[in-house]
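The shown structure was predicted, so the numbers you read here are calculated from the model rather than taken from an experiment. Lettering of chains follows the sequences in order, A, B, ..., and the numbering in each one begins at 1.
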Amino acid sequence: MKFLERLLESRLWALMRKETVQILKNRQLLFLLLFPPTVQLLVFGYALSPDVRHLKLAVADYANTADSRELVAAFATNGIFDVAAALNSPQAVSEAVRTGRVTAALVIPPEFQRDLARGQTPEVQLLIDGVDANTAGIASGYASQIVRQFGYTLAGTSPAAIDPIVTILYNPGLRSSWFFVPGVLGLVLTLTSSLVSSATVVREKDVGTLEQLLMTPAAAWEILLAKLAPLFVLLVGEALLALAIARLAFGVPFLGNFWLFMIFTSLYICVGVGIGMMLATIARSQTQVVLTAFFVNLPLIQLSGAIAPIETMPEFFQVVSLADPLRHYIAIVRGMLLKGVGIEALWPNVLVLAASAFLLIAISTNRFRRQLE
Amino acid sequence: MKRILAQCAKELTQFRRDQLTVALAVLLPMATLLIFGYAIRLEANNIPLAVQDLERSPTSRAFADRFYATNQFVPAHWDGRGAPEALLDAGTAKVVLIIPSDFSRRLDAGKVAPIQALIDGTDSNNARVIRNSVRQVTNFYLSTRSETAPTIALRSRLWFNPGREEALYIVPGVFALVLAIWPPLLMAIAMVREKEQGTIIQVFASSLSAAEFLLGKGLAYFLVGVAQAVAVFGLGAVLFGLRLAGDPTPLAIGTVAMLAASVSYGLFIGTRTTTQSAAVQAVATSGFLTALLLSGFIYPLSNIPFPLSLVSNIVPARYFIEITRDAFVRGTGWPGIWFAPLLLAVLGGVFFLASFRSLKRMQLPG
């Protein structure tokens, strides 16, 4: 009780109230805290879809027999390819792929039926637009499965003698949003916490009110803490909002412990705020702060595995990414939301987060204090 | 015309004076290219795979070795104790293969031998790739066991990028991303700064018309954008070996159209916002996000679901990506992409008109 009374009468509390009023008056800041994260989560979740389906396929069936038409039908009915054009000359086929009108072209030679009848292996050709290397690779894998399956039906033999029974854990429907949304949650927290905290600190520098604050008896740490505490509360609110969107819009499960998750999230917000403060001590004006924020945030996000998974990066970047706090936070989010694991699997990530939060805040507070004196 | 050039010269002088901004204007596009160009890869190699071989026969071992013989899987560290699911929980393996104890007996008897593959589905794209690979490796193993030829042989040929180098797909997209973010960002900041510092009142009071003011300012950042474009194309050629695959004119004209659209977009944001941080957030959310997600940069455009797919039609980067991919990889030239520079020019015109209208209202008539 005594402590609470002292707190309420303290300078720190007065400063905090001043900052809170200032933030609540700043409509644009509130808008920035709410609108871009919502849009980002929704767009990332819905727009990023690695599914390889409905690829446009041109067909040049020179054999034109019942079997060759069956093969075309096998391609057309499995959802991977949509027959978009039937062509009848090699020029037309190459033209269709070259101009990008179709992604792939299936060419069945005239001797298809003759070879089949003689018991020889007929060759059919698939031309794939390889510009999109990932899609092309997956599509060619599917195509060979389709052709093999069709061959078995045609020959009447039983298919593969080894039957791989595939069980997908954590995300059985392979919904891509379940992968992206936890990553974007981390991304959004990084962007807003660093931008908002650096902007509020630098604005006082820019406008010159920082000198006025320094004239007051308040100490540097009080000024900083008072500035950052209300922001911290808002950012925790933003994390909750993002979690709600993940749940309601994408049905992302939450298998871990909620309170533990919020503790780790608060830790990460400290990291984000620390980045923001660091930027504020480097930059002299708002223009510089936003540009340097980009300079720092881009690699943080790209190396975190939010969009492109870490395992696909070149070795060198995988090692570099170990120093990226966002990578560890996203590992925590995915682990707790999708896998339902707790501290027993995530403690290395938590340690890195705690260390980087401490370092960032300690260094930037120190720099801030020196700049003031 | 003379006034436009004077405005442009003034703008460039002002730009040069802030050295940190100049440095960032050069460094940021290059850094973007480096990070996106090297770090974004979609296809996983060296996927950690653990095998729980309950049979331990030469056949089962030969089968398991087939997986490690591809460059896609590497053995995961596992002492063989405990439940295999724990490996996936901890993330030390992405896939666990369980070979039952009657594997070779069933196989030799001509019966179907089931095996189990547990795949970590957290990353759905990779899970799909792993699933396909497991099936392909199994089929390949079977084809080495039996002598009979397949009923039908499929010869797949990948055009334009036969080695499936992902850099050829990603890096031309990064060019578009760079030109979609940095020129409009610098432009919007320059525009909104006049408002923030109140210098725009002086412009209104002068005899300079709104169109002249916007054109002069835009021209300056258009030139900055040209420098950025040349820098990233050059760096792309040096680091990733990207060379022009055909006619260079679509790329040249397309780049001009893209920069015009980008810079006008920056002007538009600059005239509509009042503070620098708002302008930056607006460009970051609307420009960067759309260029990254609604342009076909990472995954094909056709995968974007319905209401969002409409938005992607007004994203300049989408058209420029078609131009760069064609110029650096496909090499078809005008017949394949004649529409893209045209649409970019139209988009640029619309953005410019919109910013012109909102600025004109603030100026006194006469």
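- Between A:D132 and B:R325 no salt bridge is recorded (no basic side-chain N to carboxylate O distance below 4.0 Å).
- Neither the backbone nor the side chain of B:F328 comes within contact range of chain A; no heavy atom of the residue lies under 4.5 Å from a heavy atom of that chain.
- In terms of non-hydrogen atom pairs under 4.5 Å with chain B, the most contact-rich of A:N171, A:L169, A:I168, A:L338 is A:L169.
- Of the two parts of A:V341, only the side chain, counted from C-beta on, holds a non-hydrogen atom closer than 4.5 Å to a non-hydrogen atom of chain B.
- Of the residues considered (A:F44, A:F317, A:Y46, A:W178), A:F44 shows the highest number of contacts with chain B, using heavy-atom pairs under 4.5 Å.
- Considering every non-hydrogen atom in both A:S176 and B:S124, the closest pair reads CA-OG, 3.1 Å.
- A salt bridge is absent between B:D123 and A:R334: the closest approach of a Lys/Arg side-chain nitrogen to an acidic carboxylate oxygen does not fall below 4.0 angstrom.
- With a threshold of 4.5 angstrom between heavy atoms, B:L118 approaches chain A through its backbone and through its side chain.
- B:Q136 touches chain A through its side chain: at least one heavy atom from C-beta onward sits under 4.5 Å away, while N, CA, C and O do not.
- Looking at B:E196, only its side chain comes within 4.5 Å of chain A, counting heavy atoms on both sides.
- The shortest heavy-atom contact between A:A47 and B:P305 is CA-CD, 4.3 Å.
- With rounding to the nearest 0.5 Å, the separation of CG in B:L292 from CD1 in A:I301 is 9.5 Å.
- Side-chain contact between B:F36 and A:L298 is present, with at least one heavy-atom pair separated by less than 4.5 Å.
- Among residues two or more places apart in sequence or in another chain, the side chain to side chain donor-acceptor pair (under 3.5 Å) test is passed with A:Q40 by none.
- Between B:L88 and A:Y170 the shortest side-chain heavy-atom distance falls below 4.5 Å.
- Contact annotation: the side chain of A:F180 never approaches that of B:L293 to less than 4.5 Å [non-hydrogen atoms, C-beta and beyond].
- For chain A, the nearby part of B:R193 is the side chain; its heavy atoms alone come within less than 4.5 Å.
- Between A:A133 and B:E166, the shortest heavy-atom contact is CB-CG, 3.9 Å.
- Among A:G183, A:G340, A:A331, A:P299, the residue with the largest count of heavy-atom pairs under 4.5 Å with chain B is A:P299.
- The shortest side-chain heavy-atom distance between A:K339 and B:D120 falls under the 4.5 Å cut-off.
- Among A:V107, A:D115, A:V39, A:V97, the residue making the largest number of heavy-atom pairs under 4.5 Å with chain B is A:V97.
- Heavy-atom minimum distance, B:Y299 versus A:L48: CD1-CD2, 3.9 Å.
- Counting heavy-atom pairs closer than 4.5 Å to chain B, the top-ranked of the candidates A:A283, A:G137, A:G335 is A:G137.
- Of the atoms belonging to B:L185, it is side-chain heavy atoms, and not backbone ones, that fall under 4.5 Å from chain A.
- Of the residues considered (B:P300, B:G121, B:S133, B:G336), B:G121 shows the highest number of contacts with chain A, using heavy-atom pairs under 4.5 Å.
- With respect to chain B, the highest number of heavy-atom pairs below 4.5 Å among A:I138, A:T135, A:V43 belongs to A:V43.
- Within the 4.5 Å cutoff, the side chain of A:R98 has no heavy atoms near those of the B:P335 side chain.
- Contacts of B:Y38 with chain A are made by both backbone and side-chain atoms, with heavy-atom separations under 4.5 Å.
- Both the backbone and the side chain of B:D89 come within less than 4.5 Å of a heavy atom in chain A.
- For the residue pair A:D129 and B:F160, the shortest heavy atom distance occurs at OD1-CD1, 3.3 Å.
- Between the CG atom in A:L126 and the CZ atom in B:R157 there is a gap of 11.0 Å [rounded to 0.5 Å].
- B:N132 approaches A:Q145 most closely through the heavy-atom pair OD1-NE2, 3.8 Å.
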